[in-house]
Visitor: 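Mind having a look at this structure? Questions to follow.
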Amino acid sequence: MTLFEKCRTYTTAREVMASGYYPYFQPIEASYDTEVLIRGERKLMFGSNNYLGLTHHPRVLAAAASALERYGSGCTGSRFLNGTLDLHEELEGRLARFLGKEEALVFSTGFQTNLGVIAGLTDRDDHIFSDQLNHASIVDGCRLSQARVHRYPHGDLDALRLELESVPSDAGKLIVTDGVFSMDGTVADLPGILEVAESLGAEVMVDDAHSLGVLGKKGAGTAEHFGLVERTPLVMATFSKSLASIGGVVAGPEEVIHYLKHHARSLIFSASMPPASVATVLAALEVMEEEPQRREQLWRNTRRLQEGLRGLGYDIGGSETPIVPVLMGSMEQMLWVWKEVFTAGVFTNPVTPPAVPENSCRLRLSLMATHTDEQVDFALQVFEDVGRRLAALRPPESGA
Ligand SMILES: Cc1ncc(COP(=O)(O)O)c(C=O)c1O
C-alpha cells in the first residue's frame, strides 16, 4: 500500500464524523476566561489547562502587548543563534530561583523540552526508565534517544528497582516520570522514586506540566509538594497550562543546563519562544506569586467538582488534582456522553486510546481558579441529567 493509499483508506475518524459524534478540533470563536464561544454558542470551559485563570489577567495581557511593541512579533531564529532575547534570560533566571535550581533553560514548547532534554542528555550506553503512563512527549523523547529504554508498569517501584538492578552499575541512568499524570490526575510517588534512584545511582527528571502553579505551597510543583526540592535533580515544566502561554523549561544543575544548551536539538534547531509569549510567562509568574489565593480557589473548586461527581456515582478514578477524569469505558458511550454534555453547554475533553489504555475512555475535566461555584454546580447538574438519561438507555457499560 502506498502512503497516500493508506491515508485514503483511513476511515475511522470519518465514520465518527458521519455519525455526528466527532468531538475534536472544535473552533473557538472567542474566549472569556471560563467561557468560550463555539459556533455562536457559549460553552462553560471545563477542558482547559488554564489552572490559575491567567490567560485574561490584565497584567499578563499588558506585558504581552508591550513585548510585542518592543521586540516585534517573533524571534525568527533559534536560541543558539539570533533568537535569544534578554527576556529569555530574565525568564530563565526567574524560573531557576522559583524552582530552587542552579539554572534553567527555556524551549519553545513543553513537548520540545522533553524531546530535547531526554534525547540530548542520554547516549547509546545509557538507560532510561519511563513510567508506562508518561506523557507522549516523554515517550517520543525516549524514541529519539539512542539509549536503551525501560518502560516500567505505572507507579510500580519494585519493577523499577528490578529494571535498574538489571543494568550495569556504572551506566548512565535516567528515571523520567510525570509529576501529575495528565490523564488520571494522580500524583507520582516522588519520595519512593527518589529513594530507588539514590540507592542505585540514577538521575531523576520530573515532568511538572500539570504540577507547576498547582502543587506545593508556592506552586513550584511536585518536588515542593513533597518537600523534596533539593533532592530532585531535574524538573521540566510547560508554560501552556498555569502560566497562560506556550513554551517549556528544564531546570537543574549548571553543568547539565550548559550541556543541554549544546546538545538539545529541539532547542538548537528550532526558533525560540516569541517575545509576547515570554513576557506573558514573566507576568504570570509574578501574579502567581502575589496572588496565592488563586491556587487556594483552584483547590476549593477541585474538591467541589470531585465530591459532586463522586456523589452522583461517577467513577473519577484516583483523581487527586484539578484533573478530573470521568471514566466511561467504551468509546461509543464516552462519545455519547460527551455530546450530551457539550450540547447542554459544558466543554470537556474526550480521551481515547492511545492516550489511555483500551476500554478506558474518559471525559477529562480540568478546573480553573476562576470557575465560580455556580459554574461548577451547573456542570454537576448537567452530569446528573446526562447520567439519568444514560441509565435510562441501559447501555452495555455504565460509568454513572
Ligand atoms: C505531562 C505533559 N508533559 C508535556 C506536555 C507538552 O507540553 P506543551 O503542550 O506545552 O508542548 C504536556 C501537554 O499536554 C503534558 O501534559
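Counting convention: from 1, in listed order, for ligands and their atoms alike.
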Visitor: What protein heavy atom sits nearest atom 10 (O) of ligand 1, and how far off is it?
Guide: Ser240 OG, 2.7 Å
Visitor: Is the number of heavy atoms from other residues, nucleotides or ligands within 6.0 Å of NE2 (His258) greater than 12?
Guide: no
Visitor: In the protein, which heavy atom is nearest to atom 7 (O) of ligand 1, and how far is it?
Guide: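 Protein heavy atom with the smallest distance to atom 7 (O) of ligand 1: Thr238 CG2, 3.1 Å.
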Visitor: Hey, does the side chain of Asp156 reach the backbone of Ala159 with a donor-acceptor pair shorter than 3.5 angstrom?
Guide: yes
Visitor: Heavy atom of Gly248 under 4.0 Å from ligand 1?
Guide: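 No; Gly248 lies far enough from ligand 1 that no heavy-atom distance drops under 4.0 Å.
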Visitor: Output the list of atoms in ligand 1 that are nearer than 4.0 Å to some heavy atom of His210, sorted by atom number.
Guide: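 Going through ligand 1 atom by atom, the ones under 4.0 Å from His210 are 1 (C), 15 (C), 16 (O).
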Visitor: Answer with yes or no whether the side chains of Asp207 and Asn134 bring together a donor and an acceptor at under 3.5 Å.
Guide: no
Visitor: Return the closest protein heavy atom for atom 6 (C) of ligand 1 as residue, atom name and distance.
Guide: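 The closest one turns out to be Phe111 N, 3.4 Å.
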Visitor: Quick check: closest heavy atoms across Phe129 and Leu160, and the distance to 0.1 Å?
Guide: CB-CD1, 3.7 Å
Visitor: Hydrophobic clusters here meaning ILVMFWY residues chained together by side-chain heavy-atom distances under 4.5 Å, can you tell me if Val180 and Leu99 are in one?
Guide: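 Same cluster: Val180 reaches Leu99 through Ile, Leu, Val, Met, Phe, Trp or Tyr contacts under 4.5 Å.
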Visitor: Looking at atom 3 (N) of ligand 1, what's its closest protein heavy atom, distance included?
Guide: Asp207 OD2, 2.6 Å
Visitor: How far is atom 5 (C) of ligand 1 from its nearest protein heavy atom, and which residue and atom is that?
Guide: His135 CE1, 3.4 Å
Visitor: Please state which protein non-hydrogen atom is closest to atom 13 (C) of ligand 1 and give its distance, to 0.1 Å?
Guide: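 Looking only at protein heavy atoms, the one closest to atom 13 (C) of ligand 1 is Lys241 NZ, 3.0 Å.
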Visitor: Find all atoms of ligand 1 within a distance of less than 4.0 Å from any non-hydrogen atom belonging to Ala209, and give their numbers and elements.
Guide: 1 (C), 2 (C), 3 (N), 15 (C)
Visitor: Spell out, as yes or no, whether a donor-acceptor pair under 3.5 Å connects the side chain of Trp336 to the backbone of Tyr21.
Guide: no
Visitor: Could you pull out, from Ala136, Gly110, Ser137, the option with a heavy atom nearest to atom 4 (C) of ligand 1?
Guide: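 Shortest heavy-atom distance from atom 4 (C) of ligand 1: Ser137.
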Visitor: As an exercise, identify every atom of ligand 1 less than 4.0 angstrom from a heavy atom of Ser182.
Guide: 16 (O)
Visitor: Quick check: does Met236 get an N/O under 3.5 Å from an N/O on ligand 1?
Guide: no
Visitor: Are any side-chain N or O atoms of Glu320 and backbone N or O atoms of Val187, one a donor and one an acceptor, separated by less than 3.5 Å?
Guide: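 Yes.
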Visitor: Can you hop from Val351 to Ile138 via hydrophobic side chains spaced under 4.5 Å?
Guide: no
